[in-house]
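Remember, predicted model here, so these are calculated numbers, not experimental data. Reminder, nothing fancy here: chain letters follow the sequence lines and each chain counts from 1.
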Amino acid sequence: MSGRLRARQLGVIGCHVCGLVCKDRLGERGHARCPCCHTTLRRRRPDSIGRAWAFLLAGMVFYIPANALPVMYTGLLGSSSDNTILQGVISFWKDGSYGIALVIFVASVVVPCTKFLILGLLLVTSQRHSRWAMRERARLYRLIELVGYWSMLDVLVVATVAALVKFQALGDIEPRIGIFFFGAMVILTMLSALNFDPRLIWDGMATHE
Amino acid sequence: MNETFERMTEPGYPVVARSGRRLSLVWLVPLVAALIGLSMLVQAWLSAGPVITITFQTAVGLEVDKTPVKYKDVTVGTVSSITLSDDGSQVIATVALLKSAESLARADTRFWVVRPRICLNGVSGIDTLLSGAYIGVDKGKSSQSNKAFAGLETPPTVINGAPGRSFVLHTDDLGSLYIGSPVYYRRIQVGHVAYSQLDPDGKHVSVQIFIDAPYDRFVTAGTRFWNASGVDVSLDTKGLKLSTQSLTTLIAGGIAFATPPDDVGAPAITAYDLAKDQQSAMAPPDGPARYIQLRFEKSLHGLSVGASVEFSGLDIGRVVAIDLDYDPIGHRFFSVVGIEVYAQRMGSVLNKLPKPDGDPQRQAAQFLRGMVEHGLRAQVRSDNLLTGQLYVSLDFMPNATPVTFDVDARPLAVPTVDGGFDRLQEQVASIVGKIDKMPLEAIGNNLNTTLVDLDQTLKQVNVQLLPATTQTLQQARQTFGVVQGVLASDAPLQQNLGQTLQEVQRTARSLRVLTDLLSRHPEALLRGSPDDAPPVTSGSRSVSAPQEFPR
């Protein structure tokens, strides 16, 4: 790796819109624009870590009401109840539907928590310009981008079931405020992952050289 | 420009523009998120109401975190835990009430578990069959709040704040009334029995009933309540009577009420008496009872305590006691009958009666004396020959023997005469006595002599009269035989007569021929008859024409 040159070391910067390569003059006052397409030239996404932190924290805040508040109201044959996510998982597990319980648990607990952990890890290591397991961290980043698509599973389930089960007195399922927080949490974590510049993972290498 | 870039081996310089210091707005996102989360936390903290405990006998149907507490069918809390009491005799349900339901936790608020319930007068809580039980609340009126409550085992029948009014009825006997038994007004169910309890002295029962609005306005001060439970079968001197209010009351009992038509509609009071049936309920108020003693010399078999006392056919009282009394002078036993007379039952006629001075007891005595002097007597009469029941009748006897009435005697005593049956017996006895006095033997002897005379007369008739009669009859028969012979068709007299008549006929015919001849040939008288002329006969003339026809 040491034999490879990076744009910064060459003193050049690439426009991420038109691909034009210019001399890196970002150290001077003001900000540079691409002479071709006039796009603002940036070495990294601006304020990447700060924004990522902000969205991540907001997501984490929303994750609390998403779990504490009921996400779904089920009324079947007169028995009505508001269910939080974990209550649903437990009731499915108790009823013997281990598969569904596991899917819901993974989608609504494991995945978000993993995302928080991974993003937190990436952000912390990037801030500290750590050179630790950079390749693995890059892989983790790709993982959370991939997983992001499936994070809305709970919201989709609630939306679908609430639309399907409308039998008046016999059975009725309605979304509750918790699912809004869950959806907001998913969006915020996706924004956080989006704002994180994965190139920052590798910047540690440059500083240590 | 493109050509310039292609020819360049070195990267060109970017355009450097001035830029201002920019505040990162992105931190507003977690701030807003935190604010929202915080506001929800605050809201949750604010909406958390009081935590109360309710004790029940059993936790049937209660589930932790599931069973709701409902007030007017609005969920106001949830059972958060169920534990046994320290001695294990009761179940303690801890309920987290909502902040909005804080006012429900009054000292006299009642809690009960709503489960499906089937009782005599209906089914309730059907909805809980599927939804599961819930805890019902009835908000109390007390100003003090409370944290620990004792749950009711059965739902209360009267919910606080329900439109309507409660009334208390006093009765000697609860009968077949239950909590929830219906209350009827003109056979429309207008309320129900809320609860019943024994009075502290143990002698009466207080029944609280609840009449729903708007029917409660039909209850006025003069309203009468009676027990309409079951079938009312009564067998008294009036015969067999059977009445019932509705099919429900057959099973679950019930109360009915009505207002007398002459009621002025004064505002309702809170406590009433519960009569045992409609008749006694609707009877006008009896007023004070007057105890009167009657002494009867005859047996009073068939007179029972409670039998009616009638005055001129009006039921004015009842028999309250029947005792035996002994008269040592005559060694005789008397029946002493105590009766209670309600003068008020006589109605408006009381106002027309004279009112002597003195205390009521004295007044009554004076009044009675006047009546007794005019022939008022008590008498035991049979009202119903079938049941043999007796009643006491106070009436004026036109030919009663005068009796002195003791005004100062207590209790008052009205002289008596023998009952209708006894009088009948006397009359029969007097008839028998009269029959007894008749000279039946002499009548018999006379009758006997007469019969002997008759016998002799008949014998004479037999011996003398009958043979003569037979003779006369035989002679008559002979005479008739002779007459018969004379008049027979083949008798010579008859034949002779026939011949004579034929002769006469022939003579007449020849005479007619002669006259005919003479009329046609008058000359024949002189010349004789012409030879060619055929003799003309009567009868041939009529048949001559048909004889010519076949020719």
Side-chain angles (χ1 to χ4, degrees), chain A residues 7 10-15 20-26 28-36 38-41 46-48 50-66 68-69 75-82 87 169-170 177-178 180-181 184-185 188 191-192 195, chain B residues 1-6 8-45 47 61 63-68 70 73-75 78-79 114 116 125-134:
Chain A
L10 290 172
V12 293
I13 189 167
C15 174
L20 181 76
V21 179
C22 314
K23 286 238 192 251
D24 190 352
R25 295 177 64 189
L26 290 178
E28 298 166 20
R29 288 179 62 220
H31 62 250
R33 286 182 179 278
C34 171
C36 175
H38 272 249
T39 309
T40 309
L41 291 177
D47 199 16
S48 168
R51 288 180 191 184
W53 268 124
F55 287 123
L56 183 66
L57 286 176
M60 284 167 94
V61 167
F62 275 178
Y63 189 64
I64 297 164
L69 293 176
L76 287 173
L77 289 172
S79 64
S80 58
S81 58
D82 282 336
Q87 275 174 352
L170 280 178
I177 190 76
F180 163 78
F181 287 108
M185 180 274 293
L188 287 169
L191 284 173
S192 172
N195 273 289
Chain B
M1 286 274 274
N2 276 340
E3 293 165 11
T4 327
F5 277 113
E6 279 163 15
M8 280 174 84
T9 51
E10 287 286 304
Y13 289 94
V15 180
V16 175
R18 288 179 175 276
S19 79
R21 179 71 190 157
R22 286 204 308 167
L23 187 80
S24 182
L25 292 172
V26 76
W27 285 100
L28 281 177
V29 176
L31 199 70
V32 169
L35 276 177
I36 291 173
L38 210 68
S39 71
M40 299 210 63
L41 201 72
V42 168
Q43 195 192 343
W45 181 68
S47 69
E63 284 180 82
V64 172
D65 288 339
K66 278 249 171 108
T67 305
K70 290 185 178 182
D73 230 17
V74 174
T75 303
T78 317
V79 172
V114 179
I126 279 292
D127 52 334
T128 59
L129 269 178
L130 298 171
S131 65
Y134 62 86

Q: Give every residue pair that meets the side-chain hydrogen bond (donor to acceptor under 3.5 Å, both in side chains) criterion with at least one member in residues 52-63 of chain A, sequence neighbours excluded.
A: A/Trp53-A/Gln127, A/Tyr63-A/Asn67

Q. Using non-hydrogen atoms only, which part of A/Leu188 is less than 4.5 Å away from chain B: side chain, backbone, both, or neither?
A. side chain

Q | Among the listed options A/Cys15, A/Gly50, A/Cys34, A/Pro65, the residue most often paired with chain B at heavy-atom distances under 4.5 Å | A | A/Gly50

**Q.** Spacing of A/Ile64 atom CD1 and B/Ile36 atom CD1 [to the nearest 0.5 Å]
**A.** 13.0 Å

Q. Under the side chain to side chain contact (heavy atoms under 4.5 Å, CB included) test, which residues partner B/Pro30, sequence neighbours left out?
A. A/Ala54, A/Leu57, A/Ala58, B/Trp27

**Q.** Region of A/Leu191 that comes under 4.5 Å of a non-hydrogen atom in chain B
**A.** neither

Q | Reported CD1-to-CE distance for the pair A/Ile177 and B/Met40, which is rounded to 0.5 angstrom | A | 5.5 Å

